[in-house]
J.: 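Structure provided below as structure tokens; questions to follow.
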Amino acid sequence: MLEHRAKLAVASFLLICGQAAAQTPVRIVVNADLGETSISKYIYGQFGEDLGRNIYDGFWTKAGTGQWHLRDDVIEALRRIQVPVLRWPGGCFADYYHWRDGIGPQGQRPKMVNTVWGGVTEDNSFGTHEYMELIQRLGADAFIVGNVGSGAVEEMSKWWEYLHAPTGSPLGDERAANGHPDPYTVRFWGVGNESWGCGGAMTPETYAENYKRYAEYLRGARPFRIASGPNTDDYAWTETMMKEAGWMIDGLDFHYYTVAGTWANKGRATEFTEQGWFAAMQKALRMDTLITRHATIMDRYDPAKRVWLIVGEWGMWHDPEPGSTPGFLYQQNTLRDAVVAGLHLNIFNSHADRVRMANIAQTINVLQSMILTQGDQMILTPTYWVFDLYKVHQDAMLLPLNIRSDAYTLDGQSVPAVSASASKDRDGRIHISLVNLDPNRGRTVQVDIRGQQVSGVSGRVLTAATMQAHNTFEQPNAVQPVDFHGARLSGGVLTVDLPSKSVVVVELR
Ligand code: AHR
């Protein structure tokens with residue numbers, strides 16, 4: 001107890017004496033020969049809900065030809081970041097969607113009003129076959145979320161059967177008549193979305209009973225079955241689901257968003273002060289506590305860690321851009337979003353034994369996007385570039401790491417200034433992702449690499465002159481990574497001059 005108090009006193013002293021802390025290099029020890037857990041590539045997953053201009057006008061367009069088609073430029077950009085999985089059709093939309101409306105000749109499909117998002121009329125031209133073509137062109141795995149909230153067990157079970165039945169069976173023949181004789185492969189299947197809210201407003205007890213019924217009828221080659229998980233800190237949800245249905249669950253889909261302001265007044269994506277920057281960092285860091293607590297509950301029921309904790313929705317949620325349709329959730333994306341993304345991905349990596357998938361919300365034109373489109377133009381956001389930098393962690397071995405960072409302090413509140421994650425790929429290359437949360441001051445980071453000889457270092461950095469820097473259709477390359485020259489090796493110690501408000505990934509050979 002005394003020792004604990006003494007540590008607290010030292011920490012407070014360092015935080016109060018900003019000058020003292022400023023001169024202390026951040027220290028990191030990477031144990032390059034002690035890795036045990038791989039970082040699942042699915043942590044770098046995406047979410048493409050039928051919301052706003054994500055599907056229609058995002059992935060799917062009439063531009064150029066006048067006929068609906070998948071956008072080649074979008075697919076090429078997403079292939080570059082190696083999208084491993086794309087969650088679809090929702091989100092809240094999933095519990096409103098009836099899959100039969102989205103198959104058959106496109107001109108004959110019933111139109112629908114998307115009452116969940118924006119009240120717009122859609123022609124259902126993007127449905128099951130179009131999604132599966134997109135998945136195949138991305139080189140990703142499919143993650144379909146079925147309708148529990150307003151759909152029947154039979155409806156979900158038949159969607160699964162339609163996708164997978166061989167020809168010669170009624171649903172297999174129907175799929176063949178619609179242009180795809182070979183069964184599709186859908187690896188991940190969500191049984192409803194946010195069943196505590198827009199997916200049916202159920203108690204965990206009611207949802208657990210429903211989950212078992214719906215999951216049971218996903219027959220034949222069983223999918224990886226994903227249950228709707230907790231909202232933020234609803235630990236009772238996790239407890240009930242693991243206790244009542246854990247043996248039938250392969251993944252539990254937990255959601256947490258970073259809102260710099262309040263839910264009623266979230267704040268603008270591009271117009272914020274340092275208080276808005278700091279609040280975003282502080283709230284993003286909460287992800288670590290939430291995962292730790294949910295994972296602790298899961299450990300009690302599943303010590304072997306068979307069940308994946310999936311962070312199926314995460315990212316920064318701002319007020320919609322002025323002039324956009326409020327229900328479309330269209331927002332810009334600045335260096336602040338990029339730093340928050342790097343921080344989250346480091347947190348997910350550090351929980352790689354339990355967090356085996358995450359899906360940032362969302363891919364195009366919605367919330368913390370990778371891509372923004374305008375007509376046939378497309379820009380890549382700062383967040384896209386973080387996913388590009390971090391793709392080296394996909395399926396690499398997580399390396400245990402200890403970090404001692406000084407604080408970034410504002411108005412008497414503090415967060416650790418530097419976040420880090422390290423992994424080793426199949427070729428023995430070590431990658432370290434570093435994030436400096438402090439918008440005012442760079443840090444010198446000293447990294448001891450133990451357990452492996454390294455002789456060369458290179459890297460890339462994402463930063464900008466201001467916290468609010470972002471890409472526009474007029475200036476699409478204002479924020480993008482460049483080669484990093486602030487890292488040097490000497491006798492197994494790596495020294496990195498980490499710029500303020502930056503994300504850096506270094507490679508050691
Ligand atoms: O991502 C936007 C919405 O946020 C999703 O539809 C829903 O699941 C969540 O509440």
Side-chain angles (χ1 to χ4, degrees), residues 44 46 58 71-83 138 268-272 277 280-281 284 315-316 318 321 330-346 360-394 418-421 431-439 442-443 457-487 496-507:
Y44 295 84
Q46 297 285 329
R71 279 186 75 139
D72 295 336
D73 54 351
V74 157
I75 290 174
E76 193 185 323
L78 293 173
R79 284 185 70 90
R80 179 190 159 109
I81 58 171
Q82 297 171 7
V83 171
L138 288 173
R268 290 278 305 277
T270 53
E271 290 174 18
F272 55 88
W277 172 282
M281 302 304 141
M316 289 210 74
H318 308 294
E321 285 299 304
Y330 177 75
Q331 63 190 42
Q332 250 293 358
N333 193 298
T334 68
L335 184 63
R336 176 175 64 167
D337 297 84
V339 169
V340 162
L343 186 53
H344 272 89
L345 294 169
N346 282 350
I360 188 168
Q362 299 193 6
T363 313
I364 311 178
N365 296 324
V366 174
L367 300 179
Q368 192 172 345
S369 309
M370 307 299 111
I371 292 174
L372 302 176
T373 65
Q374 184 176 280
D376 59 5
Q377 285 180 281
M378 168 190 96
I379 58 172
L380 306 174
T381 65
T383 300
Y384 171 93
W385 289 116
V386 172
F387 276 73
D388 190 44
L389 292 176
Y390 274 61
K391 67 189 178 195
V392 290
H393 285 312
Q394 290 193 20
V418 174
S419 150
S421 180
H431 295 101
I432 307 176
S433 46
L434 298 158
V435 183
N436 185 355
L437 283 58
D438 190 333
R443 293 292 189 281
V457 60
S458 58
R460 290 167 79 210
V461 57
L462 185 76
T463 188
T466 66
M467 296 180 282
Q468 299 83 1
H470 58 281
N471 296 330
T472 63
F473 290 93
E474 294 71 39
Q475 280 198 297
N477 300 322
V479 186
Q480 61 177 7
V482 293
D483 286 346
F484 181 61
H485 302 293
V496 180
D497 295 325
L498 193 59
S500 63
K501 51 181 176 335
S502 69
V503 179
V504 167
V505 175
V506 292
E507 176 175 297

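If you're wondering where the values come from, they're calculated on a predicted model, not measured in any experiment. Reckoned from all heavy atoms, side chains included, excluding hydrogens, waters and symmetry mates.
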J.: Can you tell me how far apart CD (Q394) and CD (Q82) are? Round to the nearest 0.5 Å.
T.: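 The CD atom of Q394 sits 5.0 Å away from the CD atom of Q82.
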
J.: May I ask you to test the K501-N436 pair for a side-chain heavy-atom distance under 4.5 Å?
T.: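 No, every pair of side-chain atoms sits at 4.5 Å or beyond.
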
J.: Go through it in stages, so that I can follow the logic: the residues are W385 and V503, the test is side chain to side chain contact (heavy atoms under 4.5 Å, CB included), and I'd like the CA-CA distance, side-chain angles, deciding distance and then a yes or no.
T.: CA-CA 10 Å; W385 289 116; V503 179; over 6 Å; no

J.: Please give me the minimum heavy-atom distance between N471 and L380, naming the atom from each residue.
T.: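 Where N471 meets L380 most closely, the heavy atoms are ND2-O, 2.8 Å.
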
J.: Is there a donor-acceptor contact under 3.5 Å from the side chain of Q331 to the main chain of H318?
T.: yes

J.: If you look at every heavy atom in M281 and V340, which pair is closest and at what distance?
T.: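 Taking every non-hydrogen atom into account, CE-CG2, 3.9 Å.
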
J.: Pick one: which of T463, V461, L462 meets side chain to side chain contact (heavy atoms under 4.5 Å, CB included) with V482?
T.: V461

J.: Let me see the working for D483 and R460 under side chain to side chain contact (heavy atoms under 4.5 Å, CB included), right down to the final yes or no.
T.: CA-CA 4 Å; D483 286 346; R460 290 167 79 210; 4.1 Å; yes

J.: Could you report the tightest heavy-atom contact between A487 and V506, atom names first, then the distance?
T.: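 What the structure gives for the nearest pair is CB-CG1, 4.2 Å.
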
J.: Report the residues that fulfil salt bridge (charged side-chain N to carboxylate O under 4.0 Å, His left out) with R79, sequence neighbours left out, ordered by chain and then residue number.
T.: none

J.: Is any side-chain heavy atom of M370 less than 4.5 Å from a side-chain heavy atom of V83?
T.: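 When only atoms from C-beta onward are counted, V83 and M370 do not touch, as no gap falls below 4.5 Å.
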
J.: Please verify the inter-ring angle class for Y44 with F387; under 30° counts as parallel, over 60° as perpendicular, anything in between as tilted.
T.: perpendicular

J.: Any sub-3.5 Å donor-acceptor pair from Y390's side-chain atoms to A341's backbone N or O?
T.: no

J.: Closest heavy-atom contact between P499 and F484?
T.: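 Shortest heavy-atom separation between P499 and F484 comes out as CD-CE1, 4.1 Å.
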
J.: Which heavy-atom pair separates T381 from I371 by the least distance, and what is that distance?
T.: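 Taking every non-hydrogen atom into account, CG2-N, 4.2 Å.
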
J.: Holding to salt bridge (charged side-chain N to carboxylate O under 4.0 Å, His left out), I want the full list of residues that pass it with D337, two or more places apart in sequence or in another chain.
T.: none

J.: Does the side chain of R71 reach to within under 4.5 Å of the side chain of T373, using non-hydrogen atoms?
T.: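 Sidechains of T373 and R71: in contact.
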
J.: Residues two or more places apart in sequence or in another chain: which of them pass side chain to side chain donor-acceptor pair (under 3.5 Å) with S433?
T.: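 Once residues adjacent in sequence are excluded, the partners of S433 under the side chain to side chain donor-acceptor pair (under 3.5 Å) criterion are N346, H393.
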
J.: Search all heavy atoms of H344 against all heavy atoms of A284 and return the closest pair with its distance.
T.: CE1-CB, 3.6 Å

J.: Is the number of heavy atoms from other residues, nucleotides or ligands within 6.0 Å of CD (Q377) greater than 12?
T.: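 Yes.
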
J.: Enter the distance from T334:OG1 to Q468:CD here, rounded to the nearest 0.5 Å.
T.: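 It comes to 7.0 Å.
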
J.: Report the distance from atom NE2 of H470 to atom CD of Q332, rounding to the nearest 0.5 Å.
T.: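 Here the interatomic distance stands at 4.5 Å.
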
J.: Can you measure from CG (L372) to CD (E321) and round to the nearest 0.5 angstrom?
T.: 9.0 Å

J.: Can you check side chain to side chain contact (heavy atoms under 4.5 Å, CB included) on L434 and R443, steps first, answer last?
T.: CA-CA 11 Å; L434 298 158; R443 293 292 189 281; over 6 Å; no

J.: To the nearest 0.5 angstrom, please state how far the CD atom of Q475 sits from the CD1 atom of I379.
T.: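 So the gap between those two atoms works out to 10.5 Å.
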
J.: Drop me the distance from E507's CD to I432's CD1, to the nearest 0.5 angstrom.
T.: 11.0 Å

J.: Is a donor from one side chain sitting under 3.5 angstrom from an acceptor on the other, for Q368 and T383?
T.: yes

